[in-house]
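We number each residue from 1, following the sequence as shown.
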Amino acid sequence: MLLALLAYGTPAYAMSEPWQTQHAGARHATKPVAKEPAKKKPAHKKTAQKKPAKKATPKPAPRPAPRPAPVATAPSPATTVRKVQPSGWLTTPDGSRRLDPLTAAETRPSTSGSAVHVSLDEHTRYQSMDGFGAALTESSAHLLMQLGPSARTAALRSLFDPVTGAGMDLVRLPLGASDFALSRYTYDDLPSGQADPSLSRFSMAHDDAEIVPVLREALRINPSLRVMGTPWSAPAWMKTSRSLVGGTLRDDSTDVYAAYLVRTVQALRERHIPLRFLTLGNEPRYAPRDYPGMLLSPAQQGALATSVARRLAQAGITDVQLIGYDHNWDDTSFASRLLAPSAPATALAGTAFHCYAGHPGAQSIVHDAAPDKGIWFTECSGGGWATQYAGNLAWNADTLLLGATRNWARSVLLWNLALDPTGGPHTGGCGNCRGVLTIDPATGTVSRNVEFDILAHAGKAVRPGAVRVATPESVHGVRTVAYVNPDGTHALIAYNSWETDQTLVVDTASSHVGAPLPAGSVVTLRW
């Protein structure tokens, strides 16, 4: 899935596909503090990609000006405001404090003249949020199922419990095999030369073995968890390549593939899995050479969107949002063409983006062209090319928690929920990607990586339906993003990009909350 690292603004994708860039997860792109590129290996979602050479700290790319125009899609804050004692969590770049709860004394606003004051304006509102999380690939599900029942439950609670865990409330689900699977498959595979236009051979039995049980347990832990489905490839008999690898959708297969996708939605719902978002294809501009994938042009995705929307309506399914593109920041033309006034644009709720090439400001370009459509951020990975905790913390906070959301993203989704110590199992693509958790099947050890800390900084405080509200983009190097939750509570995430320790004070019309903010650290406040 991932393809490469992406340096915030300076991707280095030495690959055969022009759009691919290496993620550089730890690449702290605009901050003087962290300097190691950290992220995903070149071939995460792209197999043919070469691993980009590790660069020294990339030069910060100019940050696009924030778009302050409020949007009508965001609901007003709840009329009944829940009063809560200020609380928060601090993570420092040396790892001495990781999601460490703030004390009551630390949340008291400082009276020092050197404190950094950030004003929060909850009356200027932007997008509403659908959630934070990662992908439940077959690889992740397999590793979780290899744990004993109590260990598996503990691992899932750490990820999804909204009180004691990271509070992840959105999960991305590959529909069929991706590069992080145990084998290549879809839900209607046939011997070469055969076809099944009536979908009489459709079956989700493969997923019933491990993926569905893990997802059901996650839903028991967090009933608010929602699912975004993404196919990597249509069944081989629908494609020009007659293979799950490479090729594109045959012109005469658009409608049957739409029927296949709707059948998938129905099958998941029969299993009590609430798929609420459906992207039309993972990375449609890239055809990997060693794992399932499928090229789709904007015209093909548009025709598919129209057909899927019609079939969903016929099936009486009205609460699934269709999402187009689902690829890197370096291309805004594909998404913009999909959203230009037309029948496909009517069918689509918006577009999704990955981090492996380009800059999160691309999301604002697409939003400005179609402000009535949503933006989702759906994939990014860390990996062995970037192992420095401080650099990864800085890059992820600055680029994803702040950069993606301040550029209209309604979600922040990372790649694998769990991988083993060697970055597997996988069927191609990235050979040294890092999961949110590392699970060692030999010992049963479960370790939390920096990606866990990043997601928890949002998931612990920002609830589904929260509305992003206005704060300055940066004050003395302190970058922030803030929300009002449906219950009226506030959440703010701050990152100190300077090399000096600072003290934060957040000012609203009716309250003042404080937090320590050491150099390069991330803090979340909730009040």
* Is it true that D319 and R226 make a salt bridge, defined as a side-chain N closer than 4.0 Å to a carboxylate O? -> no
* Is it the case that R434 and S381 place a side-chain donor and acceptor less than 3.5 Å from each other? -> no
* Under 30°, 30 to 60°, or over 60°: which ring-plane class applies to Y260 and F202, parallel, tilted or perpendicular? -> perpendicular
* To do: State, without any angle test, whether W237 and Q194 hold a side-chain donor-acceptor pair at a distance under 3.5 Å.
  => no
* Asked: Taking atom types as modelled, is there a side-chain donor on R410 or Q127 under 3.5 Å from an acceptor on the other?
  -> no
* Is the backbone N or O of L402 less than 3.5 Å from a side-chain atom of T405, with the two atoms forming a donor-acceptor pair by type? -> yes
* Asked: Do Q300 and T254 meet the criterion of a side-chain donor-acceptor pair at a distance under 3.5 Å?
  -> no
* Side-chain donor-acceptor contact under 3.5 Å, D207 with Y185 -> yes
* Check: E210 side chain, A141 main-chain N or O, donor-acceptor pair, under 3.5 Å -> no
* To do: Using a 4.5 Å cut-off on heavy atoms from C-beta on, say whether the side chain of P441 contacts that of D420.
  => yes
* Backbone N or O of D196 within a donor-acceptor pair of the S200 side chain at under 3.5 Å? -> no
* Asked: With a 4.5 Å heavy-atom cut-off, do W376 and D130 have their side chains touching?
  -> yes
* Salt-bridged, R172 to D326, with N to O below 4.0 Å? -> yes
* Asked: Would you say the ring centroid of F377 lies under 6.0 angstrom from that of F353?
  -> no
* What do the steps show when you test S158 against F452 for side-chain contact (heavy atoms from CB on, under 4.5 Å), and what is the final call? -> CA-CA 9 Å; S158 76; F452 179 97; 4.0 Å; yes
* **Rounded distance (nearest 0.5 Å) linking atom CZ of F160 with atom CG of L219** => 8.5 Å
* Compute whether any side-chain donor of one residue and acceptor of the other, for K239 and S233, lie under 3.5 angstrom apart. => yes
* Please lay out, stage by stage, how L215 and L136 fare under the test side-chain contact (heavy atoms from CB on, under 4.5 Å). => CA-CA 8 Å; L215 197 44; L136 179 63; 4.0 Å; yes
* Are side-chain N/O atoms of S336 and S333 paired as donor and acceptor at under 3.5 Å? -> no
* Asked: Is any side-chain heavy atom of Y187 closer than 4.5 Å to a side-chain heavy atom of L175?
  -> yes
* Please tell me if the side chains of L170 and L413 come closer than 4.5 Å, counting only heavy atoms from C-beta onward. => yes
* Take R250 and M238 through the test side-chain contact (heavy atoms from CB on, under 4.5 Å) and record every step on the way to the result. => CA-CA 6 Å; R250 292 162 50 95; M238 299 184 193; 5.5 Å; no
* So do P425 and L143 actually touch side chain to side chain, heavy atoms under 4.5 Å? -> yes
* **Close side-chain approach of K373 and H367, heavy atoms under 4.5 Å** => no
* State, without any angle test, whether N282 and T230 hold a side-chain donor-acceptor pair at a distance under 3.5 Å. => no
* Asked: Would S364 and N407 count as having a side-chain donor-acceptor pair, cut-off 3.5 Å?
  -> yes
* Asked: Going through the distances and angles, do D188 and S203 end up as a side chain to side chain donor-acceptor pair (under 3.5 Å)?
  -> CA-CA 6 Å; D188 199 338; S203 170; over 6 Å; no
* Flag the pair E473 and R406 as a salt bridge only when some basic side-chain nitrogen lies within less than 4.0 angstrom of an acidic carboxylate oxygen. => no
* With no hydrogens and no angle check, do the side chains of D169 and S224 hold a donor and an acceptor under 3.5 Å apart? -> no
* First locate atom CG of N328, then atom NE2 of H359, and finally report the distance between them rounded to the nearest 0.5 Å. => 14.0 Å
* **pair L173-I211: side-chain heavy atoms closer than 4.5 Å** => yes
* Asked: Parallel, tilted or perpendicular: which describes the rings of H354 and Y356, with under 30° parallel and over 60° perpendicular?
  -> perpendicular
* Quick one: CD on E217 to CE on M145, what's the gap to the nearest 0.5 Å? -> 8.5 Å
* To do: Output yes when D208 and R216 qualify as a salt bridge under the 4.0 Å nitrogen-oxygen rule, no when they do not.
  => no
* To do: Assess whether salt bridge (charged side-chain N to carboxylate O under 4.0 Å, His left out) is satisfied between R184 and D189, documenting all intermediate values.
  => CA-CA 10 Å; R184 298 174 183 173; D189 294 320; over 6 Å; no
* **Short N-O contact, D331 and R285, less than 4.0 angstrom** => yes
* Asked: Do I273 and V212 have side chains that get closer than 4.5 Å, going by heavy atoms?
  -> yes
